[in-house]
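Note that the structure is predicted; figures quoted are calculated from it, not measured.
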There are 2 protein chains.
Amino acid sequence: MKPDVSAAPLGEGRDDTAREALISVLGPSGFLWEPAAMAPFARDWLNRYGEIPVGVARPANTAEVAATVRLCREHGLVIVSQGGNTGLNGGSVLGAGQRGIILSLARMNKLVTLDPLGFTVTVEAGMVLATLHDRLADEALSFPLHLGAEGSAQIGGLIATNAGGSHAFRFGMMGDCVLGLEVVLADGTVWDGTRALLKDNAGYQLRRLFAGSEGTLGIVTQAVLRLQPAPRGRATALLALDGMEQALEVGQHLRRNTGEMLSAMEFFSETGLALLLKHVPVLSRLFAETHPLYLLVELSSAAAHLDLDALLEAGLAEAFEAGLIADALIAASSVQRGAFWRLREEMPEGQRLEGIQIKHDVSVPVAQLALFIAEATRAVETVQPGIRVNPFGHLGDGNVHFNLSPPEGRADFSQQEAALSEAVYATTIAHGGSIAAEHGLGQAKVELAERTRDNVERALMKRIKRALDPDNIMNPGKVVPDGLA
Amino acid sequence: MKPDVSAAPLGEGRDDTAREALISVLGPSGFLWEPAAMAPFARDWLNRYGEIPVGVARPANTAEVAATVRLCREHGLVIVSQGGNTGLNGGSVLGAGQRGIILSLARMNKLVTLDPLGFTVTVEAGMVLATLHDRLADEALSFPLHLGAEGSAQIGGLIATNAGGSHAFRFGMMGDCVLGLEVVLADGTVWDGTRALLKDNAGYQLRRLFAGSEGTLGIVTQAVLRLQPAPRGRATALLALDGMEQALEVGQHLRRNTGEMLSAMEFFSETGLALLLKHVPVLSRLFAETHPLYLLVELSSAAAHLDLDALLEAGLAEAFEAGLIADALIAASSVQRGAFWRLREEMPEGQRLEGIQIKHDVSVPVAQLALFIAEATRAVETVQPGIRVNPFGHLGDGNVHFNLSPPEGRADFSQQEAALSEAVYATTIAHGGSIAAEHGLGQAKVELAERTRDNVERALMKRIKRALDPDNIMNPGKVVPDGLA
């Protein structure tokens with residue numbers, strides 16, 4: 001339930017003092033505290049988390065971010081940094097009982113410098129990912145991270161959550177694409193690590209540590225990103241398969257035969273496709289018959305003069321000969337390519353329209369994917385017979401969105417939500433996997449993560465947090481639970 | 001000068017007590033303390049650094065590493081972990097005045113598991129890089145890190161120093177190729193982070209932090225590495241150019257026209273080539289005339305049915321038309337390819353045979369390379385007129401080995417060594433570069449790194465070190481200077 005922000009308590013004297021101090025630095029347009037103005041920032045994307053903040057700081061530059069941090073420290077306020085607020089786990093809003101501010105980077109959205117010779121770009125943290133894509137298109141350059149929320153997600157938030165996506169197995173996670181960072185630290189000082197260098201071993205790899213730290217170690221204000229030459233061509237196929245074992249073998253053939261040009265291997269199931277077609281009837285099945293599993297594969301290349309369709313067909317030849325592929329379509333146009341991708345991209349939407357669901361973003365070693373999905377399916381069916389499992393995701397990196405809908409005809413999980421998720425996560429851990437693959441921990445998974453860490457890892461995480469944020473004012477309770485002792 | 005280890009003082013009572021304790025855990029073959037046996041471990045590759053240790057521990061497994069750390073802590077000994085001892089900056093031997101042990105990972109050299117479906121391998125830290133290459137060749141897989149010392153360098157040391165090499169701009173640095181790690185920490189506990197996962201956001205990216213930490217935060221005992229399909233073909237060209245400006249433009253054309261298949265762009269100068277041919281007369285110039293600069297470029301691909309020679313020629317066509325290339329050779333055989341690479345790889349050897357030299361391993365943003373080399377050359381010529389500059393390195397990532405020989409006919413630098421290096425490093429910093437690109441800091445550069453850090457970065461590095469090694473027993477004095485306060 002969304003809290004009634006119109007009833008936010010405004011009167012507390014200490015809040016007023018803090019607000020006055022922040023307004024004096026940020027100006028009236030740089031600090032929002034009226035309930036209606038704060039509303040878009042206070043709650044998370046799925047409207048599951050978020051307390052009413054003392055205010056929303058909207059600094060215009062790094063110096064204002066630093067001043068905001070210092071003032072919050074002075075006034076005993078915690079700081080939750082926020083990008084596009086598209087996270088699925090409540091990482092960018094206040095936790096229960098916390099008194100603090102949201103620090104939105106949205107106004108810091110400039111492209112600072114573009115270096116086409118060095119294939120780097122320096123941007124402010126608030127730049128929206130799709131805006132960056134647009135700016136680069138003019139230069140025949142690309143930034144290879146793509147995900148559903150790219151129209152709202154900001155670079156700083158993508159770094160803070162170490163976002164993944166469909167092309168991570170080729171181009172890496174968000175953190176892998178970061179060369180340099182500027183970060184405002186918990187004491188209000190500014191670390192200028194904006195070096196546009198791949199090779200920089202003059203100290204600890206701090207740029208790597210801040211990626212994925214969810215605002216708990218500092219606030220990313222600027223980033224230097226690695227770019228790629230824009231692809232000149234793509235070849236895309238939609239394959240119908242008998243199951244995940246076959247998908248793994250097809251993936252193996254493709255990686256070995258098309259190598260560095262392979263940029264996506266996305267799988268989804270008949271369960272998911274049927275849900276999608278039921279709720280979005282404008283889409284069509286594409287294949288005449290149903291098949292248990294579908295695999296969308298794509299090659300892309302910046303090289304000129306390549307016949308990628310022919311390379312894709314040649315790359316699949318062995319898999320065809322081995323009888324691993326039941327049916328296949330090669331996209332003959334960009335319209336058809338778009339139709340293939342839409343089936344994959346709308347998977348979450350089909351299931352959302354079916355009603356209540358439970359989402360799990362997990363990863364396992366690639367070779368374990370088939371076994372994991374089979375065993376996790378058995379495990380949740382044991383908890384609730386007839387439950388509908390809709391696994392989809394990224395074959396190249398073992399990332400599965402193992403999402404559940406209630407049995408056909410039921411509108412709830414018979415109050416078994418906790419037992420179902422436990423079954424999924426226990427199976428994940430048993431297969432050497434991660435309970436948080438590409439969505440981060442936020443508020444939803446921080447206790448789970450803490451529980452699944454062993455004592456040594458738990459202590460290590462806390463030592464890092466305490467070293468960089470000894471007073472626990474930077475997005476407290478995220479990544480490591482509160483109570484640092 | 002190598003110290004006379006035969007005169008090592010053995011008698012100190014507290015050393016004897018520590019040795020007895022370590023032998024009781026590691027066995028007589030797992031702990032060396034006789035001077036002759038310790039000699040190969042005590043000094044660094046270039047024989048510039050290294051004190052006589054109390055002993056050399058050679059543990060056989062992770063439990064023995066952990067026990068060694070706990071015993072050293074108990075007996076007040078510092079621990080310097082050592083891989084192949086091929087580092088150029090003295091990172092893997094004791095610093096002046098330190099009382100401690102060398103912990104060699106050499107006996108822990110097993111391949112633990114190879115997962116061809118997931119394209120990962122798990123190895124013990126002591127595995128030699130070339131051994132890994134050999135093992136993977138049988139499986140048509142590759143680990144894309146290559147460097148001169150690969151016949152001796154070990155995986156753990158390569159991770160500890162975040163090694164680079166010629167292919168880093170395509171495949172990343174060593175740290176980028178690490179998915180999981182097992183690390184023995186300063187308190188003797190073992191962090192098991194050996195997850196074979198690309199997407200793992202269930203906490204801070206600890207795996208990234210240990211890469212490049214030079215043994216100062218813990219001892220890497222096992223690693224999960226990302227693999228690539230073995231390349232099925234290569235195309236290699238040696239280009240003769242008028243200078244670095246032209247090289248940058250050629251590089252730009254190649255990246256945009258051959259994209260993901262481009263795997264090396266290595267440059268060297270006529271100064272370096274002349275030194276090499278003088279001292280290694282079996283090599284030949286290959287081009288009829290001399291040219292200021294040479295660029296070795298290579299495509300490689302795992303894809304079948306590609307005519308890489310044709311792609312390389314097409315990729316260079318624009319650069320030819322623009323008059324950027326003075327002369328060019330395309331390797332017609334693997335023998336000729338080997339001849340091209342040998343010129344590049346023997347660059348350090350030619351200069352070494354000329355006599356005394358000063359080496360600088362720096363990087364600058366790619367677009368600054370030409371300007372940097374020109375200005376750094378002017379700067380050192382101002383310090384010592386006639387000095388010979390031999391810059392060579394990696395065009396794709398801005399890494400330059402800016403090495404100096406005395407003026408023709410002189411055997412020394414007129415005692416200007418410090419001023420010459422200062423000039424190089426000041427120019428590096430002025431161009432947004434790093435004073436330590438791919439060789440790390442070790443003992444040679446730690447003070448320099450500390451001096452070039454700003455106050456904020458200096459404090460951050462120390463906080464990290466103190467958080468993970470509060471008693472400063474893990475390779476103290478490396479990465480951050482001693483005196484942590």
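- Of the atoms belonging to A:Met173, it is side-chain heavy atoms, and not backbone ones, that fall under 4.5 Å from chain B.
- Using a 4.5 Å cut-off between heavy atoms, A:Arg207 makes no contact with chain B at all.
- The part of B:Asp176 that comes within reach of chain A is its side chain, from C-beta onward, which places non-hydrogen atoms under 4.5 angstrom from that chain.
- Inspection of non-hydrogen atoms places A:Leu185, A:Thr189, A:Val190 of residues 183-190 of chain A under 4.5 Å from chain B.
- For A:Ser166, the side chain to side chain contact (heavy atoms under 4.5 Å, CB included) criterion is met by A:Glu266, A:Trp341, A:His394, not counting sequence neighbours.
- For B:Asp115, the part lying under 4.5 angstrom from a heavy atom of chain A is the side chain only.
- Of the atoms belonging to A:Ala168, heavy atoms from both backbone and side chain fall under 4.5 Å from chain B.
- A donor-acceptor pair under 3.5 Å is absent between the side-chain atoms of B:Asn89 and the main chain of B:Ala444, judged by distance alone.
- In terms of heavy-atom pairs under 4.5 Å with chain B, the best-connected choice from A:Ser301, A:Gly164, A:Gly432, A:Ala196 is A:Ser301.
- Tested against A:Leu217, the residues A:Leu206, A:Leu468, A:Val479 include a single side chain to side chain contact (heavy atoms under 4.5 Å, CB included) partner, A:Leu468.
- Using a 4.5 Å cut-off between heavy atoms, A:Leu262 makes no contact with chain B at all.
- With a 4.5 Å cut-off on non-hydrogen atoms, A:Pro116 touches chain B through its backbone and its side chain both.
- In this structure, the portion of B:Ser300 lying under 4.5 Å from any heavy atom of chain A is its backbone and not its side chain.
- Within the 4.5 angstrom heavy-atom criterion, no atom of B:Ala230 approaches chain A.
- With sequence neighbours excluded, the residues that form a ring pair (Phe, Tyr, Trp, His ring centres under 6.0 Å) with A:Tyr425 are A:His360.
- Taking 4.5 Å as the heavy-atom cut-off, the residues of residues 365-372 of chain A that approach chain B are A:Pro365, A:Val366, A:Ala367, ordered by number.
- Both the backbone and the side chain of A:Ala140 come within contact range of chain B, with heavy atoms under 4.5 Å apart.
- Using a 4.5 Å cut-off between heavy atoms, B:Val224 makes no contact with chain A at all.
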